Amino acid sequence: MPSYEVRTPQAAYSVLVEWGALGRTASLIPARTGRVFVITEERIWRHHGSRLTAGFSCPPEVLYFPGGEDRKRLATVEQLAEQMVAREADRTSLILAFGGGIVGDVAGFLAAGFMRGIPVIQAPTTLLAQVDAAVGGKTGVNLASGKNLFGAFHQPLAVLIDPQTLTTLPEREYRAGLFEVIKHGVIRSPELFELMRRRIQDVFARQPEVVERMISESVRLKSEVVSADEREADLRRILNFGHTFGHALEAETGFVRFLHGEAVGFGMQAAAELACRAGYLDRAACDLIRAVVDEYGPIPSLAGIDPDRLIALMASDKKTLQGRVHFVLPEAIGRVRVVTGIDPALVRASIQAALG
Ligand code: GLY
């Protein structure tokens with residue numbers, strides 16, 4: 001089974017990628033663990049719960065959390081924590097985050113804070129969470145004023161990726177995850193970008209060989225980046241390609257119109273435009289990035305989005321440091337740089353171009 005290692009100052013753990021891997025969950029739970037709390041969505045539990053718990057000697061406690069970016073809030077974390085207390089959780093308890101990126105972020109943050117921190121195992125079930133969100137220990141929730149503004153780094157004990165879960169993933173969510181795969185191609189893997197460019201039909205058909213390559217290459221790359229820079233002081237910032245614009249779009253539309261991956265798709269188009277207009281990327285490469293993103297669309301309508309509102313929201317994004325907005329801009333397919341001090345007129349024009 002392909003396995004990738006993450007080694008950070010906080011923790012060292014494996015990310016396992018294997019068809020049917022959910023059946024191994026019980027073997028990853030350390031001896032002397034008390035109650036196991038599965039945080040999940042009802043739909044995921046119905047489809048895949050029995051495979052997750054196959055080797056358990058006693059059934060876990062299951063807490064449902066209806067997904068949706070608008071539910072990724074502090075109030076949800078408090079409600080889940082209260083339910084855990086009511087079911088006699090203690091410091092020996094363990095959380096199993098079993099769902100998409102939102103479940104992983106909320107359950108991971110719950111684990112980071114519950115009784116000052118208990119272990120979490122991430123078992124992601126969406127493509128987006130498998131290729132990105134579940135690896136690297138970022139956890140947290142949104143504030144009304146912005147995306148992921150409240151959270152913690154809390155590395156998991158292990159990440160268990162079972163591509164079989166993608167067989168029941170709704171089409172729109174699958175597509176949203178594909179944008180994060182394209183992101184990985186642009187920032188660090190020309191081979192992955194080529195795969196996304198040339199195997200579009202196989203990607204849409206969820207052909208197992210292609211799905212495993214998308215996940216494995218993304219996890220390999222992400223494990224490498226997170227091991228080099230857990231706290232996003234430097235290298236990890238490249239993973240935010242498309243996110244400066246994308247987070248602003250999500251916040252502007254109340255976190256309900258776009259899935260996160262779709263907003264990143266828009267954000268990558270704006271960032272590619274900006275890289276071109278600011279002289280970092282040639283027009284042909286910019287157009288190629290935009291064309292590949294378009295192939296995996298369409299995303300919901302961008303009608304009525306005001307570029308100036310997005311620019312204002314970028315200023316409150318957590319990637320903005322001391323008032324300076326950081327942009328991750330491609331210089332070529334497979335290479336990006338982090339840039340500040342860009343002329344606001346260029347930013348505006350790039351958003352306008354991406355809005356179409
Ligand atoms: N999704 C970006 C990161 O984990 O750093």
Side-chain angles (χ1 to χ4, degrees), residues 4-11 13 15 69 72 97 99-109 111-112 120 122 124 126-142 146-156 158-159 161 173 176-189 192 214-215 217-251 255 258-268 271 314 317-321 326-330 336-338:
Y4 303 87
E5 302 304 311
V6 178
R7 289 185 186 283
T8 75
Q10 195 186 112
Y13 57 93
V15 184
E69 197 74 41
K72 198 175 123 177
I102 295 166
V103 167
D105 280 1
V106 169
F109 188 43
V120 61
Q122 293 280 353
T126 62
L127 183 64
L128 184 136
Q130 294 181 348
V131 299
D132 185 25
V135 179
K138 280 189 180 177
T139 73
V141 295
N142 302 327
K147 172 103 176 163
N148 294 341
L149 288 183
F150 205 96
F153 286 95
H154 188 56
Q155 298 294 346
V159 183
I161 298 177
E173 287 200 45
L178 296 173
F179 293 116
E180 293 279 6
V181 181
I182 296 170
K183 178 193 84 174
H184 287 143
V186 174
I187 64 175
R188 218 166 151 93
S189 176
L192 189 54
M214 289 193 298
I215 298 172
E217 179 63 2
S218 294
V219 168
R220 184 193 65 71
L221 178 161
K222 183 144 188 199
S223 302
E224 206 175 273
V225 170
V226 169
S227 296
D229 176 22
E230 180 185 30
R231 298 273 165 158
E232 202 174 299
D234 185 21
L235 181 67
R236 189 166 179 169
R237 289 194 287 180
I238 69 173
L239 298 172
N240 293 326
F241 172 53
H243 285 57
T244 305
F245 296 99
H247 282 177
L249 182 66
E250 285 182 90
F255 299 108
F258 297 90
L259 297 178
H260 173 64
E262 294 169 339
V264 169
F266 162 78
M268 289 192 291
M314 281 181 207
D317 193 272
K318 66 184 176 337
K319 291 181 290 305
T320 296
L321 302 174
H326 289 60
F327 294 100
V328 182
L329 301 184
V336 288
R337 68 188 296 176
V338 181

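Counting starts at 1 for both ligands and their atoms, following the listed order. Throughout, numbering of the chain's residues begins at 1 and tracks the sequence. Just so we're clear, the structure is a prediction, and the values are computed from it rather than from any experiment. The figures that follow rest on heavy atoms only: side chains count, while hydrogens, waters and symmetry mates do not.
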Show the short N or O contacts, below 3.5 Å, that ligand 1 makes with protein N or O atoms; if there are none, say 'none'.
residue	atom	partner	partner atom	Å
ligand 1	1 (N)	Asp132	OD1	3.3
ligand 1	1 (N)	Asp132	OD2	3.1
ligand 1	4 (O)	Lys222	NZ	2.5
ligand 1	4 (O)	Arg236	NH2	2.8
ligand 1	5 (O)	Lys138	NZ	2.8
ligand 1	5 (O)	Arg236	NE	2.7
ligand 1	5 (O)	Arg236	NH2	3.3

**Message:** I want to check something: taking the side chain as every heavy atom from C-beta on, are Arg220 and Arg188 in contact at a cut-off of under 4.5 Å?
**Reply:** no

**Message:** With heavy-atom distances below 4.5 Å as the criterion, would you say the side chains of Asn148 and Val141 are in contact?
**Reply:** no

**Item:** Phe150, CZ atom: more than 12 neighbouring heavy atoms under 6.0 Å
**Value:**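 No, CZ of Phe150 has 12 or fewer neighbouring heavy atoms, counting only those of other groups under 6.0 Å.
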
**Counterpart residues, salt bridge (Lys or Arg N to Asp or Glu O under 4.0 Å), relative to Lys72 (two or more places apart)** = Glu69, Asp105

**Request:** Name the orientation class of the two ring planes belonging to Phe245 and Phe266 (parallel below 30°, tilted from 30 to 60°, perpendicular beyond 60°).
**Result:**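 Perpendicular: the ring planes of Phe245 and Phe266 meet at over 60°.
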
**Asked** For Val225, which of Ile187, Leu235, Val6 qualifies under side-chain contact (heavy atoms from CB on, under 4.5 Å)?
**Response** Leu235

